[in-house]
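Numbers here simply count residues along the sequence, with the first being 1.
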Amino acid sequence: QEQLVESGGGLVQAGGSLRLSCAASEHTFRTSVMGWFRQAPGKEREFVAAINWSGPSTYYAESVKGRFTISRDNAKNTLYLQMNSLKPEDTAVYYCAAKPGLTLHTTSGSYDYWGQGTQVTVSS
């Protein structure tokens with residue numbers, strides 16, 4: 001069973017920045033599309049961003065476009081989410097996910113492996 005491990009969450013003021021990281025096994029990381037999702041209390045899990053294995057193809061939710069950047073370091077088997085200009089509505093548990101293959105997906109049901117989540121709280 002693949003394990004993804006997120007880190008980097010925390011409490012930040014509105015307008016601030018955080019960088020999330022997600023570590024995966026080498027095999028999964030190099031054969032998978034990687035994505036970030038988030039889930040706020042009382043809401044469904046929603047797509048944030050995705051990136052293919054080679055890095056040049058990315059896709060973002062409209063709500064984070066221009067503020068968040070997804071990237072991956074294949075040498076370190078690590079996925080990142082740089083979050084700038086954070087807003088209180090960005091408060092959620094953030095999850096990384098992996099889907100073997102080449103096609104970017106935005107639906108949570110398409111992903112096979114998930115991390116345990118990391119809390120991001122943005123205060124106003």
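To the nearest 0.5 Å, the span separating CE on Met34 from OG1 on Thr58 amounts to 14.5 Å. For the atom pair CG (Leu4) and OG1 (Thr28), the distance works out to 7.0 Å, reported to the nearest 0.5 Å. Summarising the geometry, atom OG belonging to Ser110 is positioned 6.0 Å from atom NZ belonging to Lys99; distances are rounded to the nearest 0.5 Å. Summarising the geometry, atom CG belonging to Leu104 is positioned 5.5 Å from atom CG belonging to Asn52; distances are rounded to the nearest 0.5 Å. Distance check, rounded to the nearest 0.5 Å: CG of Leu102 to CH2 of Trp53 gives 8.5 Å. Atom CG of Leu81 and atom SG of Cys96 lie 10.5 Å apart (nearest 0.5 Å).
Summarising the geometry of Asp112 relative to Pro100, their closest heavy-atom pair is OD2-CD, 3.0 Å, with the distance given to 0.1 Å. Trp114 and Tyr111 make their closest contact through NE1-O, 3.5 Å (heavy atoms, listed as atom of the first residue, atom of the second, distance). When every heavy atom of Val33 is checked against every heavy atom of Ala50, the shortest pair comes out as CG1-CB, 4.5 Å. Considering every non-hydrogen atom in both Met83 and Leu20, the closest pair reads CE-CG, 3.7 Å. Minimum interatomic distance between Val120 and Gly9 (heavy atoms only, all atoms of both residues): CG2-CA, 4.2 Å. When all heavy atoms of Ala14 and Pro88 are compared, the closest pair comes out as CB-CD, 4.1 Å.
Remark: the Asp73 side chain and the Thr78 side chain contain no N/O donor-acceptor pair separated by less than 3.5 Å.
More than 12 heavy atoms of other shown residues, nucleotides or ligands fall within 6.0 angstrom of atom CD in Gln119. Other residues, nucleotides and ligands contribute at most 12 non-hydrogen atoms within 6.0 Å of the NZ atom of Lys43. Counting non-hydrogen atoms of other residues, nucleotides and ligands closer than 6.0 Å to CG of Leu11 gives a total above 12.
Neither Phe37 nor Val64 shares a network with the other; the hydrophobic side chains, linked directly or stepwise wherever heavy atoms of I, L, V, M, F, W or Y lie under 4.5 Å apart, form separate groups for each.
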Using the side chain to side chain contact (heavy atoms under 4.5 Å, CB included) rule, take Ile70 and Tyr59 through it: C-alpha gap first, then chi angles, then the decisive distance, then the call.
-> CA-CA 9 Å; Ile70 188 172; Tyr59 191 77; over 6 Å; no

Step by step, would you call Thr118 with Val93 a side chain to side chain contact (heavy atoms under 4.5 Å, CB included)?
-> CA-CA 5 Å; Thr118 186; Val93 177; 6.0 Å; no

Please lay out, stage by stage, how Gln82 and Ser17 fare under the test side chain to side chain contact (heavy atoms under 4.5 Å, CB included).
-> CA-CA 7 Å; Gln82 178 66 45; Ser17 298; 3.9 Å; yes

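In this structure, the side chain of Glu6 engages the main chain of Gln116 through a donor-acceptor pair within 3.5 Å. The backbone N or O of Gly15 sits nowhere less than 3.5 Å from a side-chain atom of Ser85 that would complete a donor-acceptor pair.
The list of salt bridge (charged side-chain N to carboxylate O under 4.0 Å, His left out) pairs with a residue in residues 44-54, not counting sequence neighbours, reads Arg38-Glu46.
In this structure Glu26 satisfies the salt bridge (Lys or Arg N to Asp or Glu O under 4.0 Å) test together with Arg30, sequence neighbours excluded.
Between Tyr94 and Phe68, the ring planes lie tilted relative to each other; the angle falls in the 30° to 60° range.
With a 6.0 Å cutoff to the six-membered ring centre and a 45° limit on the axis angle, Arg72 does not count as a cation-pi contact of Tyr80.
Here the two rings, on Trp36 and Phe47, have centers that are 6.0 Å apart or farther.
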